[in-house]
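Chain A is the first sequence line, chain B the second, and so forth, proteins listed ahead of strands; every chain is numbered from 1. Just so you know, these numbers come straight off a predicted model, no measurement behind them.
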Amino acid sequence: MFIYQITGGSKVCGVGATPSLVHCRINKHCCSLFATDRPKLAENYTEDTWLKLRDAVGAIQNSTSIKYNLEELYQAVENLCSYKVSPTLYKQLRQVCEDHVQAQIHQFREYPFFCTQHCQEKSLDNLSFLKRMNRCWQDHCRQTIMIRSIFLFLDRTYVLQNSLLPSIWDTGLELFRTHIVSDSAVQKRTVEGILEQIELERNGETVDRSLLRSLLGMLSDLQVYKDSFEERFLTETNRLYAAEGQRLMQERDVPEYLHHVSRRLEEENDRIVSYLDQSTQKPLISCVEKQLLGEHMTAILQKGLSTLLDENRVTELALLYQLFSKVKGGLPTLLQFWRDYIKSFGGEIVCTPEKDKDMVQELLDFKDKMDNVAQTCFARNESFINAMKEAFETFINKRPNKPAELIAKYVDSKLRAGNKEATEEELERILDKIMIIFRFIHGKDVFEAFYKKDLAKRLLVGKSASVDAEKSMLSKLKHECGAAFTSKLEGMFKDMELSKDIMIQFKQYMQNQSEPSNIELTVNILTMGYWPSYTPMEVHLPPEMVKLQEVFKLFYLGKHSGRKLQWQPTLGHAVLKAEFKEGKKELQVSLFQTLVLLMFNEGEEFSMEEIRTATGIEEGELRRTLQSLACGKARVLNKNPRGKDVEDGDRFNFNNDFKHKLFRIKINQIQMKETVEEQVSTTERVFQDRQYQIDAAVVRIMKMRKTLSHNLLVSELYNQLKFPVKPGDLKKRIESLIDRDYMERDKETPNQYHYVA
Amino acid sequence: MPVKKRKLPDAGDHEHRCKLSSLSRPHIRPVKPVGAVRSFSGKRCLTWFHEYAGPGTVVGPEAMAKFCEDVGVEPENVLMLVLAWHLEAANMGFFTRDEWLRGMTVLQCDCTERLQSKLDYLRSELNDAAAFKNIYRYAFDFSRDKNQRVLDMDTAKSMLDLLLGRTWPLFPVFHRFLESKYKGLNKDQWYNVLEFSRTINPDLSNYDEDGAWPVLLDEFVEWRKSCSAS
């Protein structure tokens, strides 16, 4: 048994009821009705009740007040239903509603259709059309709800039982759709009106969003949204943004364009939230992305990427990345342009000989900049980072040998004493960054040759800033290239340590000597093979020095009998006590400078030729030495005639008037400088060494294989050799080996080689 | 040395004499058809040698010139090269006694006339690919100064002219190229020039720079291509 309860007002709550047993209360009478025994209704009851209901519906539809009280009406429906009048009732209700809805169309058909002169007016017309449509729809909905609440019982009983029958609400929708919205002219005008509003809004005007929301909701509820609206909307959107994309790409620069695109996307998303149906979001956004970005990917990058990167515009680059990641093929295209940019910009840094002295610093700065972009703008995307590495490796090796040499020099400048720029941590960081660049270089043997040479100078002339920094750099190299690479360098350090120990022993030895010397001698013993090779030079040392050297030699060979010592005058340096008119000074000079200056203890003036004969110093070296003493900052000698360069007939004399604010003056910087000849000879030695390595590799391979075709030999060599080679170089070595009878060509097949035992 | 005239035995004494002869000394009776050639004689060959070498053991350049005149072939003629090859002569312009004897024996020549009759045969050897290759290769060591490993450029050019001048279309171009920076050719390069002339098209279309050709030939091709381009 279920009970209906009618509360005050027209609010009704009920539960689905079985009509067989109902306890109901009509206004005045109260009776229980049982299935078996139903009192007959008054004959006109059905008719009268229907009339009442019809009136009520009419009042609702016309927005006039209802004569009857809602409870009453509700009850009436219930009564009718219990008397199996439901089908008729349903049909009649439907008819009434249909009649009403059908009548609504006229207001829209009559609406002025012809174009007025001013677009403004036309829009207004369209706008008022929309408003009218909206009002009609709102009214319809409201009315249907009210009608339904009266006929709720019917809805919940008869209608539910007959699954084929639409509910009252659905009927209302169906009617509205059939008679209003499906009318092609009306639909067209509605949709066009909506589209026009949207276009206005896209052009920056304010429109009534709630109106649009309501109308689009209507289309949605009526299930015509997709067919009648969405398709056209997307087509229009496509057209609009295609044109906009083309136009703005021409008019705006890239950063502005990107911001504009970003704004548009925001706007469209907002539109979805505000009034468009959720289902439109995906196609809408992808349409905008395609037209504003997808079509112009290459153009955007070509036009603007270089500038953005040059000027380090991180915000725009991040925006660019973000936008491109949404579009199909966006990131791969960006990646390619990114790689090309790095290759070209980097290639310029490396391949401009005039800018060589800044190359390394520029490379470091460039790497930093690109790292930053990859991190902050490209979200540390792996493939971007890898592309960057690839690009670096490519451009750095475009110019063989020079970058390696310059990096070695750069490290030298950082490790030298007097480099007060960086703290320890900063230096560490710089060296780490250098290693990263170093890793990209093929042909690391060039680096090693120069690094070794510079390291030797630093160690021997005492110019190394910090042993810790040196050791740190060494371990980085070892980590990067393996122990074989650094073994000689480590040997050099060891030699320095051993030399210190030997000097301690030597000092003790000297104390026990009968003839103490007034010259303090320090010797560094260099193991041949670890250190760079120095051309031996014979110079004429003063007898005191010679004697001292002999003493040391005796001492040393006493300890290490099997060894041979060779003095290297180029590396020696000394401290001279000098007396000028102004007072005493101490001069820190190279050995060659020493020999020259000592001459002036014996005479007033000498020609260059005389000095050469007396000292035995080779001419080029002598010129440099004299230049450093007579033409540099600290002129302890005078040159006649005056001038910057040392010419053949020049004569030199002691500069008694020499003045300097310091007591101890360094004049031996020339030892640290690298001459052009040095640089050339170092490079050549590397190439010479490479030739030996190629020869050794060829012989090794041929010995193992006995017979090999040219192509196979070449590819095997490429596998084995650690530095870059050109096929022409390999051929030359092969020919040389053939000429020296290490191998021969096959008599019949000239591109086959045989090993000659 | 005057030629000894052999005495023919009397017809009457024939039987008797023959018996004695056959016991004591083998008697070689040459068969003599009408207008026949007598067989090769080592002695005669040596005599012939000494006509030019005099009492010495070597035919030198001057004697060589006379020799060529007698034979009727210019000294620069390629046939002389072929002859030298047969003789395995070590040095251009010289034949030693041993070389002469050994080589002429092979050729079965012991006098000028016989050699002259062999000239066509020698000429034909130039057309045989295998023989020519050997002659060509021989030419390197033959014309080289024995103190050097390399054949000097002038000699190389004239030898190449001799051997390839008529048969290789690119020879004039190559000749011009050689005037540039090379001072001489080594054995490997010499051998490869022949290969090149035999296998590479005159328009150089089938030349492979990455192949095993010596760098000299790579440079030749490059030079040639840049010349025709300009």
Using non-hydrogen atoms and a 4.5 Å limit, figure out which bit of Asp739(A) sits close to chain B: side chain, backbone, both or neither. both
Tell me, for Lys726(A) versus chain B, whether the close heavy atoms (under 4.5 Å) come from the side chain, the backbone, both or neither.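 The answer is neither part of Lys726(A).
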Using modelled atom types and a 3.5 Å cut-off, is there a donor and acceptor pairing between side-chain atoms of Tyr207(B) and backbone atoms of Phe196(B)?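 Checked: no pair found.
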Quick check with a 6.0 Å cut-off and a 45 degree axis cone: is Lys367(A) positioned over the face of Phe392(A)'s six-membered ring? yes
Under 3.5 Å, is there a donor-acceptor pair linking the side chains of Asp161(B) and His175(B)? no
Could you check whether Asp689(A) and Gln693(A), counting side-chain N and O atoms only, form a donor-acceptor pair closer than 3.5 Å?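 On atom types as modelled, these side chains qualify, holding a pair under 3.5 Å.
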Side chain, backbone, both or neither of Gln189(B) within contact of chain A (heavy atoms, under 4.5 Å):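 For Gln189(B), the contact with chain A is made by the side chain alone.
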Based on non-hydrogen pairs under 4.5 Å, which of Asp210(B), Asp218(B), Leu216(B), Asn192(B) is most in contact with chain A?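 Sorted descending by pairs with chain A, the first entry is Asn192(B).
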